[in-house]
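Scroll down for the structure; my scribbles are underneath it.
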Amino acid sequence: MFEKLKNRKRDKRRKLQQTARKLVAHTNPRSFVVEQFRILRTNINFSSPDADIRSIVVTSAAPEEGKSTAAANLAVVFAQEGKKVLLIDGDMRKPTTHHTFHMNNVTGLSNVLTRQARIEDAVRPTEVERLDLLTCGPIPPNPAELLASQQMNNMLESLKGMYDLVIFDAPPVLSVADGQILANKCEGTILVVNAGKTEKEQAAKAKEAIATSNSRIIGAVLNNFVPPKDSYYYQYYGTEK
């Protein structure tokens, strides 16, 4: 009995630690990593001086490059800036945002796009002030068709009237068509590249695929890059915990 209780506590602590790592912008806002997300936020703001960017897609070339973590933390830093933000799990094949924010995935984007739920009923607040989440919902058999639908266009138009910024966590652009479809519907795309894992050829093909979708890359994230210890950034932020 004691051993079961001990294991339960350990599992709970491990989950909390994993969430803290994923949502570092919320749990450890003074860290070096979070400062890089703030720099990305600033670059995005400056990328369109004449008008605010209202919709962004975060994607990658291949799976497991950190695009979902990047999307979640980018949403957090924009909310911390004072914007009303909606993060949408647009990966209707391998959704993860409900795990990151410890929510169920009973109702979400797929329900809205198939008219089984209203946006107002599917969107939920997170523990981060001014940040709401629309999870994927039940995984549909036809994700690409739903994302390309007129209902998707209508939903996005409605959301722009409700939020300052809508951020999509999209599937990798080289794996399925979904990422390109979302990029086509949004004003800008963030490409996540995993240092030491993403091949140069893959990154180039991903960039080309985004350009083909008539979207524009407004920023890039080099994930899992460790700066040299003698670098300026390491010296300036390296002592923060």
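What you see below is based on every heavy atom in this structure, not just the backbone, and it leaves out hydrogens, waters and symmetry mates. Note that the numbering runs from 1 along the sequence shown for the chain.
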Open item on the list: Quick check: closest heavy atoms across I53 and L165, and the distance to 0.1 Å?
Closed with: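 Looking at all heavy atoms of both residues, the shortest contact is O-CD1, 3.4 Å.
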
Below 4.5 Å, heavy atoms only, C-beta onward: do [X] and [Y] meet side chain to side chain?
X    : Y    : value
M162 : L86  : no
L134 : L87  : no
E120 : R118 : yes
P138 : N111 : yes

TODO: Determine yes or no for a side-chain-to-main-chain donor-acceptor pair under 3.5 angstrom, with S55 supplying the side chain and E187 the backbone.
DONE: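 Yes; at least one donor-acceptor contact below 3.5 Å.
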
Open item on the list: Taking atom CD as the centre, does Q116 end up with more than 12 heavy-atom neighbours from other residues, nucleotides or ligands that are less than 6.0 angstrom away?
Closed with: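 Result for CD/Q116: enclosed.
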
- [ ] Mark yes when over 12 heavy atoms from residues, nucleotides or ligands other than Q151 sit less than 6.0 Å from its CD; otherwise mark no.
- [x]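 Counting other residues, nucleotides and ligands, CD of Q151 exceeds 12 neighbours.
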
How about [X] and [Y]: does a side-chain donor come under 3.5 Å of a side-chain acceptor?
X    : Y    : answer
N45  : E81  : yes
T135 : T97  : no
N184 : Q180 : no
R41  : N73  : no

- [ ] Walk me through it: do K84 and D132 pass the test salt bridge (charged side-chain N to carboxylate O under 4.0 Å, His left out)?
- [x] CA-CA 8 Å; K84 189 176 181 183; D132 291 345; 5.3 Å; no

Measure the spacing between [atom1] of [X] and [atom2] of [Y] and express it to the nearest 0.5 Å.
X    : Y    : atom1 : atom2 : result
C186 : I181 : SG    : CD1   : 12.0 Å
N154 : S149 : CG    : OG    : 8.0 Å
L182 : D178 : CG    : CG    : 7.0 Å

Task: Joint cluster assignment, L74 & F168, ILVMFWY side-chain distance < 4.5 Å - done: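 Hydrophobic grouping puts L74 apart from F168.
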
Open item on the list: Is there a side chain to side chain contact (heavy atoms under 4.5 Å, CB included) between D121 and T107? Walk through the geometry before answering.
Closed with: CA-CA 8 Å; D121 299 327; T107 303; 6.0 Å; no

Open item on the list: Quick one, N104 with R124, criterion side-chain hydrogen bond (donor to acceptor under 3.5 Å, both in side chains). Give me CA distance, side-chain angles, the key distance, then yes/no.
Closed with: CA-CA 10 Å; N104 66 58; R124 283 169 285 175; 3.1 Å; yes

- [ ] Examine K83 relative to F78 and say whether NZ or CZ is less than 6.0 Å from the centre of the six-membered ring and inside a 45° cone about the ring axis.
- [x]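 The answer is no; the distance or angle limit is not met.
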
Task: Given T100, T96, I88, the one that forms side-chain contact (heavy atoms from CB on, under 4.5 Å) with D169 - done: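 Checked T100, T96, I88 against D169; only one passes side-chain contact (heavy atoms from CB on, under 4.5 Å): T96.
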
Open item on the list: Evaluate V85 against I167 for side chain to side chain contact (heavy atoms under 4.5 Å, CB included), listing each step before the verdict.
Closed with: CA-CA 8 Å; V85 182; I167 298 178; 4.3 Å; yes

